[in-house]
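Data first, discussion second: the structure below is written as structure tokens.
Whatever order the structure lists ligands and atoms in, that order sets their numbers, starting from 1.
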Amino acid sequence: MSQLEKDIRYLKGVGETRAKSLAKLGINCLRDLINHFPRSYEDRSQIYPIFDAPFDAPVTIRAVVAREPSLACIRRGMELVKFRVVDDTASVDITFFNQSFLRTRFHTGETYLFYGKINAAGSKRTMANPAFELVDADSEANGKIVPVYSLTKGISGKMMSGYVRNALNELGHDVPDALPPKIIEEYKLAQARYAYENIHFPADFGALELARKRLIFEELFVLACALSGMRSGRQLSGGKVIDSCDIEQFYSSLSFSPTSAQRRAVKEALGDMASGRPMNRLVQGDVGSGKTLVAAACIWSVCRSGRQAAFMAPTEILAEQHLETLRSFLEPFGIRVEKLSGSTTAANKRKIRDALEKGEIDLIVGTHAIISENVNFKDLALAVTDEQHRFGVIQRSALAAKTEKPHVLVMSATPIPRTLALMIYGDLDVSVIDELPPGRLKVDTFHVDESYRARLYGFIRKQVGEGRQVFVVCPMVEENEDNELELKSATEHTEHLKTVFPELNVACIHGKMKAKDKDAVMSAVVAGEIDILVSTTVIEVGVDVPNASLMIIENAERFGLSQLHQLRGRVGRGKHKSWCILVSDAKTEESKERLKVMCETSDGFKISEHDLRLRGPGDFFGSRQHGLPEMHIADLGGDMRVLQSAQAAAHKLLADDPRLSKPENAALRERIKQLFEANSDMMN
Ligand code: ADP
Ligand code: MG
């Protein structure tokens, strides 16, 4: 066992109680501790002459204690330790509040570094509760760059850096380097020991930069190696061969002609499935670009060859719509399509599972959970997953783990940078649908505030008067959320709209409703019986109502850009001129900027770029929606260049030593193993 695994409780200065506090930060052993990187740094490296020190920001001064500290009790429960310090230029009165033990700490003639904010009090300068450090009067002692850590109750910053110091001292050179020497050399990276020392206690900013660079590279490199390893098992095993068939036969049954982008994507997928290797293809296309048809063509081809397919949707409602769409495409060819969902009765579920096992159903449609759970197929050859903008690494691997090795087709509406896509989706091939079906009209988008409400309602009336339908989306109301934000919860807003429009049919749909009730509402909407549909974001994904021409989004500032773009894609799907109105009173620059992007741009790719830039990748992907392990130091969106070189390095190394069995790669193999263990829920 390496020293790194040593229980944190046995580290000098820690003990049982503090070990418990540290555990709250995820720190259980020395390795965790040295990987608890500083959140930021305080620059105490520049020492100011007192006279020249600025007043507005914390500074470091080097001064001599001019008088023994005095203790004053200014009122009950408020004690002051006070003393004066001087340098060659001026003096400062230092005060500590409620730390009477410090009185005996400082002595006349001693030299200290003090770090804090200087205030001007009349002609005097003061500094309250500074950080301090005793220095040798004669030395050229320099201030430092001091780490600032994320902390928890019971652990101060000083304690934390003390522990890290002790850990690094204890480990000495026993910090295994996960990067093989050749890579360190080729990419001119710092050694592990140097990097850990300088990420915590930088000698100077240059050293800090070297340390950061090395650790970011290492983190991405280890991840790239791990993902690559996951994939290689999948890649090697043979895929079912789907003989190519005359796809024109399928196309000619459609009421429209597929776009050339759709044809290209289908051709690429059919090529994969005929190749003998398992397909692993991502189809990327903006909302409304017609990804479902691409899936349908592949399913058609698979089912024609007598095998089975599964189609997985992220939500129940969407599964229902896909069922309808796919039936209309496929049933004319005698292909048997069924749905398996949470609302399917137990008896029916049994029947459907049975039929799937016997091969009496050709295509099963449902949510991810339903299909990956104990369903057995007679001959599953293709699994399609519609992820929209969620990334179901976990669900997908659940299917891939089945004994069968189906071809996998993933559909995503989120245009993400290619390198990132490679990380998230594995070593897959990508088809991009970069063309919308003909005749699509741009959805005019406006940002309005409350003062516009009356006119907005006039506009709703006008649209419905012309026979159109209207969507109104309200943010989800979480139970623990602040009511003062006055979010328009979907149900309340529905009641409100019913009183405003007594003559219209207003309905509501939200995630807490029973699937059966949701279905009833959706069918009524599709049938044109509902004029205004109020919803939470459940309609975000996929629902197709060509007659809808107006999308109103309440509290629009609460949504991410990509989400707004998805919502907007719900209108403008028919032949009618369509609008999207973003209602928001938000005053912050960031919100205004985001809404402006929506009004000016209709290109999903550009929008997601803005989203990345404005919110950072963490938020962009939501609460770890990318399904990758949490990064300690690397930024999956921002460190794109490093990501690329880390990936290239990983591929090269694995080509040379696929099982990492060479001695120089042993430490790397160990690290990857730890990564899998720490994320076993995600990687299995
Ligand atoms: P998405 O890529 O967002 O999943 P869909 O597959 O739901 O898009 O397609 C959006 C709409 O466009 C559907 O109503 C579909 O029938 C229609 N559609 C798809 N392809 C074409 C095409 N080539 N020509 C005309 N309409 C099309
Ligand atoms: Mg879709």
(request) Specify side chain, backbone, both or neither for Gln262, according to which of its non-hydrogen atoms lie closer than 4.0 Å to ligand 1. (result) side chain
Atom indices of ligand 1 within 4.0 angstrom of [X] heavy atoms, with elements:
X	value
Asp286	2 (O)
Ser257	22 (C), 23 (N), 24 (N)
Thr259	23 (N)
Pro258	23 (N)
Pro437	20 (N), 21 (C), 22 (C), 24 (N), 25 (C), 26 (N), 27 (C)
Thr292	4 (O), 5 (P), 6 (O), 7 (O)

(message) If the contact criterion is a heavy-atom separation under 4.0 Å, does Gly285 count as touching ligand 1?
(response) no
(message) I'd like to know whether ligand 1 has Gly569 as a neighbour, heavy-atom separation below 4.0 Å.
(response) no
(message) Could you work out, with ring-ring contact (aromatic ring centres under 6.0 Å, His included) as the rule, every residue matching Phe329, not counting sequence neighbours?
(response) none
Between the side chains of [X] and [Y], does any donor sit under 3.5 Å from an acceptor?
X	Y	answer
Arg468	Asn547	yes
Arg264	Ser431	no
His565	Asp286	yes
His407	Asp272	no

(request) Please determine if Arg570 has a nitrogen or oxygen closer than 3.5 Å to a nitrogen or oxygen of ligand 1. (result) no
(message) Which option wins on minimum heavy-atom distance to atom 2 (O) of ligand 1: Gln284, Lys291, Gln566?
(response) Lys291
(message) How close do Pro475 and Asn555 get, counting heavy atoms only, and between which atoms?
(response) CG-CB, 3.5 Å
(request) Compare every heavy atom of Ala586 with every heavy atom of Lys592, then report the nearest pair and how far apart it is. (result) CG-O, 4.1 Å
(message) Donor-acceptor check, side chain of Lys240 to backbone of Ala274, threshold 3.5 angstrom: yes or no?
(response) no
